[in-house]
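These numbers come from the heavy atoms of this one structure, side chains and all, not from hydrogens, waters or symmetry mates. Owing to the predicted nature of the structure, the values given are computational and were not obtained by experimental measurement. Each chain gets a letter, A, B and so on, in the order the sequences are listed, and its residues count up from 1.
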Protein chains: 2
Amino acid sequence: MSKYFLGSTLDDPIAEATRQWRAHGWEEAAPGMAAVTTITRVNRILVSRIEEALSPFGLTFARFEILRLLGFARDNELPMGKIGDRLQVHPASVTSAVKRLERDGLIERVPADHDNRIVLARLLPDGRKTLEQATRRINEVFTSLELDTATLQDLTAHLAAIRSD
Amino acid sequence: MSKYFLGSTLDDPIAEATRQWRAHGWEEAAPGMAAVTTITRVNRILVSRIEEALSPFGLTFARFEILRLLGFARDNELPMGKIGDRLQVHPASVTSAVKRLERDGLIERVPADHDNRIVLARLLPDGRKTLEQATRRINEVFTSLELDTATLQDLTAHLAAIRSD
DNA sequence: TTATAATAGTTTGATGTCAAAGTATTTCCT
DNA sequence: AGGAAATACTTTGACATCAAACTATTATAA
């Protein structure tokens, strides 16, 4: 049974909302409503699973993504701005997450020598080690989803239409 | 071009991550990684669109969902706990959102007379009015998604497997 | 050369999410 | 009846997200 869900197994709140939408003459909007609501719920569940897997390392998903990005980057470093671009998050969110990664000794922040406006986040040895362990753990989550590979790929492909804007 | 995305249109960070995953021998986890990452990104984009549409009413998506739920409920009221069950959010999140809806005069909180532990959130006339206008606006978002109806329904059906746990 | 514009990050403030701890009330069981 | 356990909700604290305002640095243009 799901977290926070104490009611009867029989009623599915999203199915119920869909019925209501149709009953109120919003037929056209019903499939979109159901899809968006579903994505929101699923997102929370997935992030929750991931953060449970990452908890032994004191990492959140957001911070893991930054570590992972730096682990792939040339010289293990990237400007704050690039991180925001790649992860599609607000610059303030990058500042916030990087501050915590630095606090925990996983990365360091260094000014770029050719342009002092730029701050580079650089993976440290401890960060590399944590990253490698965390990646193994998170991959267990990725391989144990309820959907088969083909469905996952379909899903990814379809949602790309929304993601790109 | 997307918010916060300043780089070349050619590089797709998720496609790149998938390449890296395969290159590092995490082939099995790659589809899951891509799907989860995509869902996270898409969720943020959708919530962002919705909240832009709701901004004239001073509503967030979370608070809209509560209003919408109350609008469908018998007597326009529900216990805090039921709201959390239906929306699959933590009780503390309900408390937080309801506090703001009450502050804005859209709902009221009343103790249930048969059990004083229970707090009922009840839609007020102003809340009803705001709800109706907000629903029209949010339905415009739901009807203007980049995916056709069949795809939306497929998506909803597939993701239900994850949502139910 | 210098004033203006653009760029890169950070700070602040509002909201949302969750876990864990705390309070109040009701139920259950001896 | 009375104490323990369960239930319902709130509070607190940590973290994430975004928008808007602010600072610093570099580029542009008169």
Protein-nucleotide distance (B:E51, atom CD; D:dC18, atom P), rounded to Å
11 Å
Just do the side chain to side chain donor-acceptor pair (under 3.5 Å) check on B:R100 and B:S96 with the steps written out, would you?
CA-CA 7 Å; B:R100 288 174 174 79; B:S96 162; 2.8 Å; yes
For DNA chain C, whose closest nucleotide is more 5', that of B:A62 or that of A:M80?
A:M80
Is A:R41 touching bases, backbone alone, or none of the nucleic acid, heavy atoms closer than 4.0 Å?
nothing
Of all the nucleotides listed (C:dA20, C:dG16, D:dT7), which has the minimum atom distance to the side chain of B:H90?
C:dA20
Heavy-atom side-chain contact between B:V36 and A:V141 under 4.5 Å
no
For C:dT15, does either OP1 or OP2 sit under 4.0 Å from a side-chain N or O belonging to B:T60?
no
Earlier contact from the 5' end, DNA chain D, for B:P79 and A:D115
B:P79
Taking atom P of C:dC18 as reference, at what distance in whole Å does atom CG of B:L87 sit?
11 Å
Taking only the side-chain heavy atoms of B:R44 (C-beta and beyond), determine which of D:dC18, C:dT11, D:dA27 contains the nearest atom.
D:dC18
Starting from C1' on D:dT17, measure out to CG on B:N43 and report it in whole angstrom.
11 Å
Euclidean distance, atom CG of residue A:D104 to atom C1' of D:dA14 [Å, nearest integer]:
12 Å
Presence of A:R117 side-chain N/O under 4.0 Å of D:dA27 phosphate oxygens OP1/OP2
no
Presence of B:N116 side-chain N/O under 4.0 Å of D:dA8 phosphate oxygens OP1/OP2
no
In whole angstrom, give the distance that lies between atom CZ of A:R109 and atom P of C:dA8.
16 Å
Check the distance between D:dC15's C1' and A:L54's CG and give it to me in whole angstrom.
14 Å
From D:dC9, C:dT17, C:dA19, pick the nucleotide closest to the side chain of B:S96?
C:dT17
State which of C:dA8, D:dC9, D:dC15 makes the closest approach to the side chain of A:R63.
D:dC15
Output the distance between atom CG (A:L59) and atom CD (A:Q133), rounded to the nearest 0.5 Å.
10.0 Å
Have B:N43 and B:T40 got a donor and an acceptor in their side chains that come within less than 3.5 Å?
no
Could you check how far NZ of A:K99 sits from P of D:dA14, rounded to whole Å?
13 Å
Under 4.0 angstrom between B:R100 side-chain N/O and C:dG16 OP1 or OP2:
yes
Check the phosphate of C:dT15 against B:R103, side-chain N and O only, distance under 4.0 Å to OP1 or OP2. Yes or no?
yes
In the structure I gave you, are the side-chain heavy atoms of B:I14 and B:R41 within less than 4.5 Å of one another anywhere?
yes
For D:dA16 and A:S93 - does any side-chain N or O of the residue sit under 4.0 Å from the phosphate oxygens OP1/OP2?
no
To the nearest Å, give me how far apart CD (B:E52) and P (D:dC18) are.
14 Å
Less than 4.5 Å apart, side chain to side chain, heavy atoms only: is that true for B:E108 and B:V110?
yes
